[in-house]
**Student:** 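Dropping the structure in here first, questions after.
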Amino acid sequence: MIEAPTVNAAIEAASRAMGTFLADVPGVGILTEVVAGGLVWSCRQNMPSPPEPDFIRP
């Protein structure tokens with residue numbers, strides 16, 4: 001949980017925390033807003049590209 005005075009401050013804190021927790025390992029960081037329940041920020045670190053869904057291919 002990250003408590004911050006603004007959304008931007010929370011995103012900055014989440015970005016720093018992800019850099020620390022996932023220093024040299026693959027992972028995903030996600031920040032959601034508790035009250036409204038929406039996604040605020042996410043970032044993939046050292047992860048392979050996701051596979052292309054079959055329904056997008058021509």
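What you see is a predicted model; the values in this text were computed from it and never measured.
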**Student:** I'd like a table of donor-acceptor pairs (distance under 3.5 Å, sequence neighbours excluded) in which one partner is a side-chain atom from residues 8-23, with atom names and distances.
**Tutor:**
from: Thr20; atom 1: OG1; to: Arg16; atom 2: O; distance (Å): 3.2

**Student:** Would you mind listing the cluster partners of Ile30? Hydrophobic ones only (ILVMFWY), side-chain contacts under 4.5 Å, chaining allowed.
**Tutor:**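 When side chains under 4.5 Å apart are linked, the cluster holding Ile30 also contains Val28, Leu39, Met47.
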**Student:** Using the side chain to side chain contact (heavy atoms under 4.5 Å, CB included) rule, take Asp24 and Asn46 through it: C-alpha gap first, then chi angles, then the decisive distance, then the call.
**Tutor:** CA-CA 8 Å; Asp24 293 324; Asn46 301 321; 5.6 Å; no
